[in-house]
Structures are given as structure tokens and as C-alpha cells.
Amino acid sequence: MTDTPSLAELERRAAERGPVYGEGAHIVCDNLVRIYKTDGIEVVALQGLDLLVNPGELIAIVGASGSGKSTLLNILSGLDVPTAGVARVAGADLLTMTAKERLRFRREQVGFVWQQTSRNLLPYLTAAQNVELPMRFAGRSRRERAIRAAELLGLLGVGDCVARRPEELSGGQQQRVAIAVAVANEPHVILADEPTGELDTATAAEVFTALRRVNEELGTTTVVVTHDPQVAERVDRTVGIRDGRTSSEVRRRAEADGTRTAEEYALLDRVGRVQLPKGFTEALDMRDRVRLNLESDHVGVWPDQKETE
Ligand code: ADP
Ligand code: MG
């Protein structure tokens with residue numbers, strides 16, 4: 001039997017470690033807060049959200065409407081500025097960057113795909129011209145732009161749509177062209193806010209396959225906000241957001257026999273907070289305080305006895 005170190009000893013060791021949070025991660029959110037103020041009323045959209053995404057990962061973010069998913073993506077894309085905390089994407093600090101750096105960051109470091117197909121593409125440009133546009137802003141040569149646009153549209157399975165304008169494309173084709181636009185300047189990160197939300201199931205699957213292909217072939221770190229259980233099913237990690245905080249995580253693995261297994265985790269923040277699922281606290285009528293017990297390989301959580309008697 002192994003001896004369990006004392007709590008004091010464990011705390012001393014934890015203080016000694018003190019690593020840089022999120023070192024090596026491509027996306028780092030540490031205690032991220034976003035408060036909106038409208039007519040003197042404050043809405044806390046993000047209340048201390050922690051999230052790490054590794055280079056090359058493809059993750060899904062799920063959560064009820066109003067839980068803060070779009071707020072998070074808008075911050076990570078440089079469109080919105082957080083109120084407090086840390087947000088870093090590919091080394092860029094989103095709280096301290098200047099307006100000029102922010103513009104550059106949005107043009108070169110991140111690609112964005114919106115839910116509304118009409119918001120992603122300019123209606124009067126062809127698919128190829130839409131993909132070339134961000135490369136023009138980045139100062140790439142005409143020849144380079146044309147070659148890359150054709151390559152990307154081919155990779156995304158819409159190679160036959162190069163000369164068509166958005167109105168001549170289906171919703172699914174428009175979203176795949178939008179993904180090509182998003183990765184045109186080889187960004188480190190792609191952020192997609194419910195990119196399949198307006199599509200039927202079969203088309204949504206095609207668009208997700210396209211995102212996955214970009215992630216695999218180009219190695220772009222990808223974060224997809226989705227309501228679609230099918231999409232969440234097909235990523236290796238799904239992060240759940242509740243009330244402006246990351247609360248749970250499902251990890252999926254391919255087993256040797258080809259089946260996929262999923263395991264659900266609660267997230268533990270750096271100061272040791274865990275959000276217990278509502279189903280658990282309600283089942284045992286846990287409120288206000290719980291008793292904790294450190295065992296050799298787990299921590300027990302019990303309802304406060306006085307409350308339950
Ligand atoms: P989700 O994308 O998960 O549905 P949002 O990030 O859009 O959630 O919204 C989170 C919370 O912040 C909601 O309560 C929403 O009403 C509020 N909110 C979002 N954007 C704004 C804004 N521009 N002004 C005021 N409140 C906002
Ligand atoms: Mg949203």
C-alpha cells in the first residue's frame with residue numbers, strides 16, 4: 001500500500017511546480033472574462049473561462065444557447081476584446097495587442113466561418129475571387145493567388161465551382177468555399193461558429209468532412225462551435241460550456257479493434273474548482289457545501305450530512 005502525502009505536502013509541491021499555464025498550446029484562455037454593458041445592465045457572458053487547445057487539434061464546443069460560445073469565438077478571432085483574463089492565440093496576446101496588430105492578426109493568423117452562409121462570401125465575387133481576396137490583402141502575387149485558390153477549392157471538393165458566384169452555389173458548397181477563404185492565408189487557427197447550423201444533416205456532414213480534411217491536410221488548429229451531435233461525435237475532444245465557463249469534456253479514442261470509445265470528464269481549473277453536473281448534485285441533494293475525502297487514488301464527495309437528514 002502506498003502512503004498518501006499530507007495535504008500540506010501536496011500543496012507545497014503544487015506551489016513548487018508553478019509552470020507557465022498553457023505553454024505549448026495554440027489557444028490559451030485563462031480565467032477569461034467578458035462583461036457586456038447595455039443601458040447600465042451588466043451581462044457576464046464569460047466568467048472565468050479556461051481552455052487549452054494544442055497545435056493541430058480539432059475540437060468541438062457545445063453548450064446551451066446563451067452559454068457564451070459565440071462570445072468566446074469572437075474574442076479568439078480578435079473581433080471582440082475580453083474584459084479580463086488571458087487569451088492567447090498562436091502566441092498573440094489578445095488583451096494587449098494594438099489596433100494595427102489586431103487587424104494583422106485577423107487577416108493572417110485566424111480564419112473564421114460563420115453560421116449564416118451569406119455572411120461568409122461576397123455575393124458579387126466568384127468562389128475563386130472570394131478565396132483570392134484575403135491573399136490580395138496579404139500582398140500575394142496574382143499567380144500565387146490563382147494557384148492556391150484552385151488548390152484549396154479542389155481540396156474542399158468544390159473545384160468545379162471556381163467560376164460561380166455564391167447565389168449559384170448550394171448552402172453546403174458556400175460553406176466549403178467559406179472554409180477555403182478562411183484558410184487562404186494559412187492561418188494557425190480556424191474558428192467556426194455553428195458552420196452547419198443552417199444545413200440539412202447530409203450537407204452538414206459534408207461540410208464537417210471538409211473542415212476535418214483541412215485540419216488533417218494543412219494541420220490547422222480548428223475550433224468548431226456546434227449544436228449538431230453528429231459533429232460532436234466525430235471529433236476527438238468536445239468541450240462543454242456552461243454559464244460562461246468550460247465545465248466538461250468528452251474525449252474519444254479509436255481502439256485497436258476499430259471501435260471508438262468516449263469518456264466524459266469534468267474540468268478542474270488551476271485553483272482546484274470542479275463543476276459537478278446538475279444531475280449529480282440533484283440526485284444527492286448537494287447544496288452549499290460538500291464533504292471531501294482524499295483517498296489514495298480518488299477524491300470522495302459527500303453531501304453535507306446535516307442537510308440530508
Ligand atoms: P451562445 O453563442 O452560446 O448562444 P453568446 O456568446 O452569444 O452565447 O451570449 C452569451 C451571453 O452574452 C448571453 O446572455 C447574451 O445575451 C450575452 N451577449 C452576447 N453578446 C452581447 C452583446 N453584444 N451585448 C450584450 N449582451 C450580449
Ligand atoms: Mg452563438
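Below, all heavy atoms of this structure are taken into account, side chains as well, without hydrogens, waters or symmetry copies. Numbering of ligands and ligand atoms starts at 1, following listing order.
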For Thr238 and Arg252, which I'm curious about, is there any donor-acceptor pair between the side chains at under 3.5 Å? yes
Checked the Mg ion (ligand 2): protein N, O or S atoms closer than 2.8 Å come out as Ser70 OG
contact_flag Gly68 ligand 1 heavy-atom lt 4.0 Å: yes
| query | Would a 4.0 Å cut-off, counted as strictly less than, catch a protein heavy atom around atom 16 (O) of ligand 1? | reply | no
Between Arg148 and Glu144, is there a side-chain N and carboxylate O pair less than 4.0 Å apart? no
The closest protein heavy-atom partner of atom 19 (C) of ligand 1 is Tyr36 CE1, 3.4 Å
inquiry  = Would you say Ser248 and Arg242 are linked by a side-chain donor-acceptor pair, where the criterion is simply a distance under 3.5 Å?
reply    = no
Salt-bridge present (Arg104, Glu108; N to O < 4.0 Å): yes
Residue, atom and distance of the protein heavy atom nearest atom 7 (O) of ligand 1 read Ser70 CB, 3.7 Å
Pro187 and Ala182 have their tightest heavy-atom pair at CG-O, 3.3 Å
For atom 9 (O) of ligand 1, the closest protein heavy atom turns out to be Thr71 OG1, 3.8 Å
message = If you count every heavy atom of other residues, nucleotides or ligands that lies below 6.0 Å from Arg213 atom CZ, does the total exceed 12?
response = no
the protein heavy atom lying closest to atom 12 (O) of ligand 1 turns out to be Ala45 CB, 3.3 Å
Contact region, Val43 to ligand 1, non-hydrogen atoms below 4.0 Å, reads side chain
Here the pair of heavy atoms bringing Val113 nearest to Gln175 is CG1-NE2, 4.1 Å
The side-chain contact (heavy atoms from CB on, under 4.5 Å) partner of Asp30 among Leu52, Asp269, Asp50 is Asp50
For Val62, the hydrophobic cluster (side chain heavy atoms closer than 4.5 Å, chained through members) also holds none
Practice prompt. Please confirm whether Thr38 comes within less than 3.5 Å of ligand 1 when only nitrogen or oxygen atoms on both sides are compared.
Written response: no
- request: Examine ligand 1 and decide if any of its atoms is less than 4.0 Å from a heavy atom belonging to Gly244.
  value: no
Among non-hydrogen protein atoms, atom 4 (O) of ligand 1 lies closest to Gly66 N, 2.7 Å
Inset, instruction - Compute whether any side-chain donor of one residue and acceptor of the other, for Asp257 and Thr259, lie under 3.5 angstrom apart. - result: yes
Interatomic distance, CG@Asn31 vs CG@Leu46, rounded to 0.5 Å, equals 11.0 Å
If we number the atoms of ligand 1 from 1 as shown, the ones under 4.0 Å from a heavy atom of Ala64 are 3 (O)
